[in-house]
Visitor: 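Sharing a structure here in structure tokens format.
Positions are given from 1 along the sequence. As a basis for the values below, the full set of heavy atoms in this structure was taken, side chains included, without hydrogen atoms, waters or symmetry mates.
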Amino acid sequence: MTLPENIQEKIVNGINEHFNGAVLKSEVLYDYFTIVLRKDSVIPAIKWLYDNEELKFRFLTTMCGLHYPDQKEELGMMYQLHNMESNYRIRIKTFFTKDMAELPTLTDLFLAANWMERQEFDFFGIQFKGHPNLKRILNVDDMIIHPMRKEYPLEDQTRKDKNDTLFGR
């Protein structure tokens with residue numbers, strides 16, 4: 001369910017007030033209220049949304065790494081939170097450069113973040129400071145790349161029958 005506009009405004013104003021103008025952008029995309037936050041404010045803002053007795057975003061639905069190779073800040077993280085009582089959802093994004101691909105862990109707030117953070121470390125190389133066991137979860141331990149980054153080809157480049165343009169690249 002899309003958040004009512006008065007709650008959207010409350011969230012944007014509250015985050016900006018508590019975290020010195022941390023909201024870089026807010027909009028409704030595909031029925032999700034989406035906000036883009038400064039990297040240094042994303043985890044404190046998520047904790048604020050969790051602790052706020054009126055908002056109660058206390059369920060972490062998903063976390064997902066992002067890679068936009070044509071942007072200056074090409075890597076990012078997306079978090080989706082859910083208020084189970086009101087059935088409201090919110091999407092939070094933050095972006096950073098590859099050399100600054102580190103965020104604080106959310107495992108102290110959401111136990112489910114443990115596996116999700118390991119997955120995004122494995123596939124995108126994003127470090128989660130304070131994570132209790134940050135290691136690869138799906139790929140082999142000695143893999144030297146992060147396969148979901150778009151800097152790696154989708155298929156074996158020695159094959160003549162494959163064309164990356166068919167996969168949106």
Side-chain angles (χ1 to χ4, degrees), residues 1 22 24-25 27 29-51 56-84 87-169:
M1 174 183 276
L24 302 174
K25 181 180 178 182
E27 61 187 329
L29 292 171
Y30 309 106
D31 289 335
Y32 268 93
F33 178 59
T34 304
I35 55 176
V36 179
L37 300 176
R38 287 191 328 257
K39 180 184 165 196
D40 64 329
S41 301
V42 71
I43 302 303
I46 289 172
K47 289 180 180 179
W48 180 79
L49 289 165
Y50 182 98
D51 291 336
K56 297 182 183 177
F57 284 99
R58 297 187 176 149
F59 184 75
L60 177 66
T61 306
T62 192
M63 292 173 58
C64 182
L66 306 168
H67 186 214
Y68 296 103
D70 297 333
Q71 291 184 15
K72 181 181 176 187
E73 295 182 315
E74 65 181 277
L75 285 178
M77 274 301 299
M78 183 274 301
Y79 303 86
Q80 287 182 178
L81 303 174
H82 190 174
N83 173 326
M84 299 290 272
N87 198 27
Y88 293 147
R89 297 173 190 264
I90 186 171
R91 182 175 288 150
I92 299 167
K93 296 180 182 181
T94 191
F95 294 94
F96 39 86
T97 59
K98 282 198 282 191
D99 61 329
M100 300 296 288
E102 181 180 280
L103 291 164
T105 186
L106 265 179
T107 56
D108 58 337
L109 191 62
F110 299 107
L111 292 177
N114 188 319
W115 188 89
M116 294 181 207
E117 288 176 354
R118 286 180 62 190
Q119 175 181 286
E120 301 321 306
F121 163 72
D122 194 0
F123 285 124
F124 290 92
I126 300 168
Q127 301 286 324
F128 294 93
K129 189 175 182 177
H131 190 282
N133 189 21
L134 191 62
K135 63 180 186 177
R136 290 192 181 266
I137 193 167
L138 297 169
N139 291 306
V140 294
D141 289 336
D142 58 348
M143 185 176 242
I144 59 171
I145 66 169
H146 301 285
M148 291 300 288
R149 288 189 183 177
K150 294 177 183 166
E151 59 203 47
Y152 308 110
L154 288 171
E155 297 287 343
D156 179 357
Q157 295 303 293
T158 62
R159 292 181 62 174
K160 303 287 187 233
D161 63 330
K162 297 294 179 180
N163 182 348
D164 271 359
T165 60
L166 298 176
F167 298 97
R169 294 196 182 175

Visitor: Does the pair Q80 and R89 meet the rule for a side-chain contact (heavy atoms from CB on, under 4.5 Å), with working shown?
Guide: CA-CA 7 Å; Q80 287 182 178; R89 297 173 190 264; 5.7 Å; no
Visitor: Taking N114 for its side chain and T107 for its backbone only, find out whether a donor-acceptor pair lies under 3.5 Å.
Guide: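 Pair absent, no side-chain N/O of N114 close to backbone of T107.
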Visitor: Under 3.5 Å, is there a donor-acceptor pair between the side chain of T34 and the main chain of Y32?
Guide: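 It does hold such a pair.
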Visitor: With rounding to the nearest 0.5 angstrom, report the CD to CZ distance, E102 to F96.
Guide: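 Rounded to the nearest 0.5 Å, the CD-CZ separation comes out at 10.0 Å.
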Visitor: Assess whether a salt bridge exists between D108 and K47, defined as any Lys/Arg side-chain N lying under 4.0 Å from an Asp/Glu carboxylate O.
Guide: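 Counted as a salt bridge, because a side-chain N and a carboxylate O are separated by less than 4.0 Å.
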Visitor: Can you find a pair of side-chain heavy atoms, one from M63 and one from L60, that are under 4.5 Å apart?
Guide: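 Yes, side chains in contact.
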Visitor: Can you see which heavy atom on K98 is nearest to which on L75, and at what distance?
Guide: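 For K98 and L75, the tightest heavy-atom pair comes out as CG-CD1, 3.7 Å.
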Visitor: Side chains of M84 and R58: closer than 4.5 Å at any heavy-atom pair?
Guide: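 With C-beta onward as the side chain, the pair stays apart.
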Visitor: Mind running side chain to side chain donor-acceptor pair (under 3.5 Å) on T97 and E74 for me, showing each step along the way?
Guide: CA-CA 6 Å; T97 59; E74 65 181 277; over 6 Å; no
Visitor: At their closest point, which heavy atom of F121 faces which heavy atom of Q127, and how far apart are they?
Guide: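 That closest heavy-atom pairing would be CE1-NE2, 3.2 Å.
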Visitor: May I ask you to decide if the ring planes of F59 and H82 are parallel, tilted or perpendicular, using 30° and 60° as cut-offs?
Guide: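 Perpendicular.
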Visitor: With heavy-atom distances below 4.5 Å as the criterion, would you say the side chains of H67 and M148 are in contact?
Guide: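 Not touching, per the 4.5 Å side-chain cut-off.
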Visitor: How about F110 and Y50: are their ring centroids closer than 6.0 Å?
Guide: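 Distance test on ring centres: under 6.0 Å, yes.
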Visitor: Measure from the side-chain N and O atoms of E117 to the backbone N and O of L106, and report whether any donor-acceptor pair falls under 3.5 Å.
Guide: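 Looks like yes, one N/O pair under 3.5 Å.
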Visitor: Taking the side chain as every heavy atom from C-beta outward, state whether R38 and T94 have any pair of such atoms under 4.5 Å apart.
Guide: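 They are not in contact (no side-chain heavy atoms under 4.5 Å apart), so the answer is no.
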Visitor: Can you tell me how far CG of L134 sits from CD of E120, rounded to the nearest 0.5 angstrom?
Guide: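 Answer rounded to 0.5 Å: 11.0 Å.
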Visitor: With a sphere of 6.0 Å drawn around CE of M143, does it hold more than 12 non-hydrogen atoms of other residues, nucleotides or ligands?
Guide: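 More than 12 within 6.0 Å, yes.
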Visitor: Using a strict 4.0 Å threshold on nitrogen-to-oxygen distance, state whether R136 and D141 make a salt bridge.
Guide: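 D141 and R136: not salt-bridged.
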Visitor: What distance separates I46 CD1 from D51 CG, expressed to the nearest 0.5 Å?
Guide: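 Between I46 CD1 and D51 CG, I get 12.0 Å after rounding to 0.5 Å.
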Visitor: I need the minimum non-hydrogen distance between W115 and L138, along with the two atoms involved.
Guide: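 Looking at all heavy atoms of both residues, the shortest contact is CZ2-CD1, 4.3 Å.
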Visitor: Just verifying a value: how many Å separate I35 CD1 and L24 CG, rounded to the nearest 0.5 Å?
Guide: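 That separation rounds to 10.0 Å.
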Visitor: Do F95 and Y68 come within less than 4.5 Å of each other through their side chains, counting heavy atoms only?
Guide: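 Sidechains of Y68 and F95: in contact.
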Visitor: Taking it one step at a time, do I92 and L49 satisfy side-chain contact (heavy atoms from CB on, under 4.5 Å)?
Guide: CA-CA 11 Å; I92 299 167; L49 289 165; 3.5 Å; yes
Visitor: Could you go step by step and tell me if L37 and K93 meet the side-chain contact (heavy atoms from CB on, under 4.5 Å) rule?
Guide: CA-CA 6 Å; L37 300 176; K93 296 180 182 181; over 6 Å; no
Visitor: Where is the tightest heavy-atom contact between D122 and P147, given as atom of each residue plus distance?
Guide: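 Looks like O-CD, 3.8 Å.
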Visitor: Quick one, Y79 with T61, criterion side-chain contact (heavy atoms from CB on, under 4.5 Å). Give me CA distance, side-chain angles, the key distance, then yes/no.
Guide: CA-CA 8 Å; Y79 303 86; T61 306; over 6 Å; no
Visitor: Report yes or no: does N83 contribute a side-chain atom to a donor-acceptor pair with the main-chain N or O of F57 at less than 3.5 Å?
Guide: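 Flag not set: sc N83 to bb F57 has no pair under 3.5 Å.
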Visitor: Can you tell me how far apart CG (L81) and NZ (K56) are? Round to the nearest 0.5 Å.
Guide: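 L81 atom CG to K56 atom NZ measures 15.5 Å (nearest 0.5 Å).
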Visitor: Step through the shown structure and confirm whether more than 12 heavy atoms of other residues, nucleotides or ligands are within 6.0 Å of CG on L111.
Guide: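 Open: at most 12 neighbouring heavy atoms sit under 6.0 Å from CG of L111.
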Visitor: Mind listing the closest non-hydrogen atom pair of A113 and H131 along with its distance?
Guide: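 Minimum heavy-atom separation between A113 and H131: O-NE2, 4.5 Å.
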Visitor: For the atom pair SG (C64) and CD (Q119), what is the distance rounded to the nearest 0.5 Å?
Guide: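 Here the rounded value is 7.5 Å.
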Visitor: Going by the side-chain contact (heavy atoms from CB on, under 4.5 Å) test, name the single residue among I126, L66, I43 that passes it with M77.
Guide: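 Among the candidates, only I126 passes.
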